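Structure record follows, encoded as structure tokens.
Each chain gets a letter, A, B and so on, in the order its sequence line appears, and its residues count up from 1. Because the structure is predicted, anything quoted here is derived from the model rather than measured.
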2 protein chains.
Amino acid sequence: MDLRQLKYFIVVAEEGNIGRAALRLHISQPPLTRQIQQLEESLGVQLFLRTPKGVELTEPGTLLLEEARNIRKLVSLAEERTQKAGRGELGQLDVGIFGSAILDTIPKVLQAFRKRHPDVNVVLHTMEKGKQIEALRQRRITVGFNRVLSPLPDIISEVIATEKLYIAVSDQSPLAAHKTLPFRTLAEEPFIAFPNTGRPNFVDKVFTLCQEQGFLPTVAQEVGDAVTAVALAASGFGVCLVPASATKLSLPGVQYKAIHDLPEGASVDLSCVYLKDHTSPILESFLSVLRETHQSSGVLQATL
Amino acid sequence: MDLRQLKYFIVVAEEGNIGRAALRLHISQPPLTRQIQQLEESLGVQLFLRTPKGVELTEPGTLLLEEARNIRKLVSLAEERTQKAGRGELGQLDVGIFGSAILDTIPKVLQAFRKRHPDVNVVLHTMEKGKQIEALRQRRITVGFNRVLSPLPDIISEVIATEKLYIAVSDQSPLAAHKTLPFRTLAEEPFIAFPNTGRPNFVDKVFTLCQEQGFLPTVAQEVGDAVTAVALAASGFGVCLVPASATKLSLPGVQYKAIHDLPEGASVDLSCVYLKDHTSPILESFLSVLRETHQSSGVLQATL
DNA sequence: ATAAGACCATACCAACAAGGTATCAGAAAC
DNA sequence: GTTTCTGATACCTTGTTGGTATGGTCTTAT
């Protein structure tokens, strides 16, 4: 049995006439007759009754007609789906993210991607930087989102947003009266540091910055994630430094202050990481959406 | 895309190595390589990554593998089912029956048939003789069961059972005292005639018999079916003559009496009818079961 | 009744595609 | 560095598909 034979069979069954079917198939009648004979022979079943007016399906033929249509439908569906998958429009994309990445950037990208490729199932996996690298190498995720990253030979890291830094203060603090604050505020107030995993990380970067400005903040508290840090700042434990995207997080009692004398390089990158020798068409299409979103929205950087 | 290519694709995917796959497929490696290349080309999608150790499915390849397996399963299922249908082991058999035929013969045959061919869906249609012929010609039924039938050029009628006749009497009647009765009982008792459709029919046959014996029964009541006739006999309206199989019908107050001087030819046939130029393999297998059942059970005739 | 038309089946030929053998090219393992 | 895997390529042989011409049978029209 052969897909071509099935195609021929269906047309012959539909036309009830081998000659007309041959016309519709753009072949001549004798080869078509032969293909039908071969199909019947290979199955050992008579599929058509030969009448003076043409041919007529037998009972087994009627059954096969139904099955043949199903088969052809399934085949063309398989072709379509495979091609879609080849263009990165169908399948699954496993994305590694970290806690506060969900606040602004990632949702925008994901939204744009889902809109463009509705048949790709995006699965988010929350894991810290080190785990992301491991998961990438084991192919458990296809792409990850990260902040500070030391370069690795087998992994590409692409900066998709550079975010300015803001100071989170309690609205009960005297600092709340100012519209903006100087960078040195960090030297004078108790400092809430985060995260405490995945070195080198955001807090390391901050400390380096402060050192360049000639001071070191006094760490009042070390916490795991941005949400906890902001919550502590809101209740007056001290101040903390957050990337622009985290200012989307409005907790009661917190205010975010821009820094008017922000030093050169006092910003933090959001990067996406993926394997250098990846082969996923889905990742390709994800990256292209990512780059477009990133370009069109300098928004991501300017966003308060 | 081709069923052979799909088969090759599956084996290559399973082996992860074109050479080994070729071995398993009993072909040499170069044609297999080419088939895979052609499949990829026709889809416009890379299905395998070539690694130094062999080949490895890409994402679209993984998807296609699943689909390809489904397709092949569906194809082999279609082959099996078509062949089964060709042997009359799968499909639907529409059977025309008349009321009292269900009492004994038909259930036995159907039971035997279902056991032998469990995948054939037997659909019973109750209709009287004339309608059966019409339905046969219109292919609404494939086979019918009947009693007295005048021969028709396009229809074959096969006697499957010859049943002796019994007299049904009320247990309140003085006749109930006798173990058997003479045929002339019919001349003396009010007679309940059935059926009243589909001439020539059972009651015509009975009247001919009586005439041969030199009398005519006094018709007290004319009814449509055997069940009604027996019910009337039970409640003392008169007697009626029934085929052996109807004695399986035990209604309260009825007794069936054998006829000790049953005239030659005083029996009634149960026949099955079907189109002379039928082409149904299912009917063929039904008929062979029918003939076996009929032979093995002279029972059907001897049955009280 | 005979001829014409419509259908499928058969015979034979040409073109193409599938499979085989020999061999190449590149990467990994010794 | 050589051997040994791997898949890719070149070229040939054979089988299969499709085309043309024609036969055989049944229906239909004259």
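The closest side-chain heavy-atom distance from A/D2 to B/D2 is below 4.5 Å. No side-chain heavy atom of A/L124 sits under 4.5 Å from any side-chain heavy atom of A/T126. Residues A/I282 and B/E59 form a side-chain contact, since some pair of their non-hydrogen atoms from C-beta on lies under 4.5 Å apart. Contact annotation: the side chain of B/L90 approaches that of A/L63 to within less than 4.5 Å [non-hydrogen atoms, C-beta and beyond].
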Got a list of side-chain donor-acceptor pairs under 3.5 Å for residues 24-32 of chain A, not counting sequence neighbours?
residue	atom	partner	partner atom	Å
A/R24	NH1	A/E14	OE1	3.4
A/R24	NH1	A/E15	OE2	2.8
A/R24	NH2	A/E14	OE1	2.8
A/Q29	NE2	A/T33	OG1	2.8

Donor-acceptor contacts under 3.5 Å from residues 39-49 of chain A side chains, at least two apart:
residue	atom	partner	partner atom	Å
A/E40	OE1	A/R50	NH1	3.3
A/E40	OE1	A/R50	NH2	3.1
A/E40	OE2	A/L47	N	2.9
A/E40	OE2	A/F48	N	3.1
A/E40	OE2	A/R50	NH1	3.0
A/S42	OG	A/L39	O	3.0
A/Q46	NE2	A/F48	O	2.9

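Tested against B/N146 for a side-chain hydrogen bond (donor to acceptor under 3.5 Å, both in side chains), the candidates B/E128, B/K129, B/Q132 yield a single pass: B/Q132.
Note that the first and last nucleotides of DNA chain D, 5' to 3', having any atom under 4.0 angstrom from a heavy atom of chain A are D/dT17 to D/dT27.
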Show me the protein contacts with nucleotides 2-7 of chain C, counting only N or O atoms at under 3.5 Å.
residue	atom	partner	partner atom	Å
C/dC7	OP1	A/N17	ND2	3.2

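Legend: ring-ring contact (aromatic ring centres under 6.0 Å, His included) pairs involving residues 122-144 of chain A, not counting sequence neighbours: none detected.
With no hydrogens or angles considered, no side-chain donor-acceptor pair links B/E56 and B/T51 at under 3.5 Å. Donor-acceptor pairing under 3.5 Å is lacking for the side chains of B/D94 and B/T142.
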- Note on the structure: Under a 4.0 Å heavy-atom criterion, the protein footprint on nucleotides 18-25 of chain C, written with B, S and -, is SBBBB---

